[in-house]
Amino acid sequence: MKKILMPLLLVIAAVAVYWFGFRKTETIGDGPKQQAIVAQQHSAAFNSGIDQLMNQYFVIKDAFVNADTLAAKQAVLQFTAAADSLKLDELKKDSSAIYESALAQLNDIKTNAESIARQTDITEMRKDFWTVSENIYPFLKTVHYEGKNLYWQNCPMAFGEDKGANWISNSEEIVNPYLGKNHPEYKGTMLHCGEVKDTIKAQ
C-alpha cells in the first residue's frame with residue numbers, strides 16, 4: 001500500500017506546483033500590460049517657437065564669435081521677441097509645476113538677454129550671454145525639448161585662467177563665443193578652445 005501511495009502523492013504534488021506556480025504566472029502574464037507614462041508631445045507651433053528662440057540665440061553666439069557687439073544687440077531684440085512669442089501655456093496640460101518652472105526660467109533668460117543690450121563692454125556682454133546660456137540649458141530640459149540635437153559646450157578659460165563658461169551650439173564643432181576670432185590677447189588662436197560636455201536630445 002505504501003509503495004502505491006508514495007508515487008500517487010508525488011504526482012499530486014507535481015500537479016499542485018504546476019497549477020499554483022507556472023499556471024498562475026501564465027494567467028497573470030496574459031492580462032493587459034501597464035503602459036509607461038509618456039509626456040504628451042508638443043504642438044508644431046510650440047516646437048516652432050522653441051526653434052525660433054534657439055536660432056536667434058545662435059545669431060547672438062555667432063556675433064560674439066566675431067566680436068560684433070552691434071550684431072549681438074540687434075539679435076537680442078529678435079531673441080527676446082521670440083521668447084515673448086513662446087506658447088508656454090501649452091505646458092499646463094502636462095503639469096502646472098512644469099509650466100511655472102519653465103515660466104520662471106524664461107523670465108530669467110529674458111532679463112539677462114536684455115542686459116546684453118544695455119552693456120557697452122563686450123566682456124560684460126559675454127558674461128550676460130553666459131548667464132542666458134546657463135538658464136536656457138535647464139529650460140530646454142524642463143519643456144521637454146523635441147528638436148534637433150544641440151550641444152552643451154564649455155571653455156575652461158573663457159574669462160581668464162580657471163574661469164570657464166558654457167554655451168549651446170547646434171554643431172559639435174567648437175567655435176568659442178567668449179574668446180572668438182578677434183580676442184585682444186589671443187587673437188584667433190583660441191577660437192576652437194573647449195569641449196562638448198553634454199548632448200541635448202529630443203525628449
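The model shown is predicted, which means the values in this text are computed figures rather than measured ones. Note that these values count all heavy atoms, side chains included, but never hydrogens, waters or copies made by symmetry.
Annotation: side chain of Trp152 is not in contact with side chain of Trp167 (no heavy-atom distance under 4.5 Å). Residues Met190 and Met157 have side chains in contact (heavy-atom distance under 4.5 Å, counting atoms from C-beta outward). For the pair Val132 and Asn135, the minimum side-chain heavy-atom distance is 4.5 Å or more. Residues Leu88 and Phe46 are in side-chain contact: their nearest non-hydrogen atoms beyond the backbone lie under 4.5 Å apart. Considering only heavy atoms from C-beta on, Phe139 comes within 4.5 Å of Leu53 through its side chain. Using a 4.5 Å heavy-atom threshold, the side chains of Lys148 and Asn170 count as separate. Counting heavy atoms from C-beta on, the side chains of Lys141 and Gln203 come closer than 4.5 Å. At least one side-chain heavy atom of Tyr137 sits under 4.5 Å from a side-chain heavy atom of Asp198.
With hydrophobic clusters built from ILVMFWY side chains whose heavy atoms lie under 4.5 angstrom apart, Trp130 does not share a cluster with Tyr186. Hydrophobic clustering keeps Val196 apart from Leu191 (ILVMFWY residues linked when any side-chain heavy atoms are closer than 4.5 Å, directly or through intermediates). With hydrophobic clusters built from ILVMFWY side chains whose heavy atoms lie under 4.5 angstrom apart, Tyr57 shares a cluster with Ile122.
For the atom pair Gln153 CD and Lys61 NZ, the distance stands at 7.5 Å (nearest 0.5 Å). Annotation: the span from Ile60 atom CD1 to Arg126 atom CZ amounts to 13.5 Å, rounded to 0.5 Å. How far OH of Tyr99 is from OG1 of Thr142: 14.0 Å, rounded to the nearest 0.5 Å. How far OG of Ser115 is from CE of Met125: 9.5 Å, rounded to the nearest 0.5 Å. Once rounded to the nearest 0.5 Å, the distance linking CG of Leu103 with CD1 of Ile98 reads 13.5 Å. Taking CD1 of Ile50 as the start and CD1 of Ile136 as the end, the distance is 9.0 Å to the nearest 0.5 Å.
No side-chain N or O of Asn47 forms a donor-acceptor pair with one of Tyr145 less than 3.5 Å apart.
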- [ ] Apply side-chain hydrogen bond (donor to acceptor under 3.5 Å, both in side chains) to Lys201 and Asn149, showing your working.
- [x] CA-CA 5 Å; Lys201 298 180 179 181; Asn149 283 0; over 6 Å; no

TODO: Report the C-alpha distance between Ile200 and Tyr151 in whole Å, list the side-chain angles of each, state the deciding distance to 0.1 Å, and finish with yes or no for side-chain contact (heavy atoms from CB on, under 4.5 Å).
DONE: CA-CA 6 Å; Ile200 305 169; Tyr151 304 93; over 6 Å; no

- [ ] Might you work through the side-chain contact (heavy atoms from CB on, under 4.5 Å) test for Phe79 and Ile109, ending with a clear yes or no?
- [x] CA-CA 10 Å; Phe79 177 82; Ile109 289 167; 3.5 Å; yes

Task: Derivation of the side-chain contact (heavy atoms from CB on, under 4.5 Å) call for Met54 and Ile168 - done: CA-CA 9 Å; Met54 294 311 300; Ile168 299 171; 4.1 Å; yes

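Remark: Asp162 CG is loosely packed, at most 12 non-hydrogen atoms of other residues, nucleotides or ligands lying under 6.0 Å away.
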Donor-acceptor contacts under 3.5 Å from residues 171-180 side chains, at least two apart:
{"unit_1": "Ser171", "atom_1": "OG", "unit_2": "Glu173", "atom_2": "N", "d": "3.1"}
{"unit_1": "Asn176", "atom_1": "OD1", "unit_2": "Tyr178", "atom_2": "N", "d": "2.7"}
{"unit_1": "Asn176", "atom_1": "OD1", "unit_2": "Leu179", "atom_2": "N", "d": "2.9"}
{"unit_1": "Asn176", "atom_1": "ND2", "unit_2": "Cys193", "atom_2": "O", "d": "2.9"}
{"unit_1": "Tyr178", "atom_1": "OH", "unit_2": "Asn166", "atom_2": "O", "d": "2.5"}

Sequence neighbours excluded and cut-off under 3.5 Å, please list the side-chain donor-acceptor pairs for residues 80-87, or say none.
{"unit_1": "Thr80", "atom_1": "OG1", "unit_2": "Val76", "atom_2": "O", "d": "3.1"}
{"unit_1": "Thr80", "atom_1": "OG1", "unit_2": "Leu77", "atom_2": "O", "d": "3.0"}
{"unit_1": "Asp84", "atom_1": "OD1", "unit_2": "Lys110", "atom_2": "NZ", "d": "2.7"}
{"unit_1": "Ser85", "atom_1": "OG", "unit_2": "Ala81", "atom_2": "O", "d": "3.0"}

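Ala63 approaches Ala72 most closely through the heavy-atom pair CB-N, 3.5 Å. Annotation for Thr123 and Phe159: closest pair O-CE2, 4.0 Å, computed over non-hydrogen atoms. Nearest heavy atoms, Glu124 versus Gln119: CB-OE1, 3.6 Å. Nearest heavy-atom pair, Glu146 versus Gln41, reported as atom, atom and distance to 0.1 Å: OE2-CA, 3.4 Å.
One finds a salt bridge joining Glu195 and Lys197 here, because a Lys/Arg side-chain nitrogen approaches an Asp/Glu carboxylate oxygen to under 4.0 Å. Comment: Asp68 does not engage Lys73 in a salt bridge, judged by the lack of any side-chain N to carboxylate O separation of less than 4.0 angstrom.
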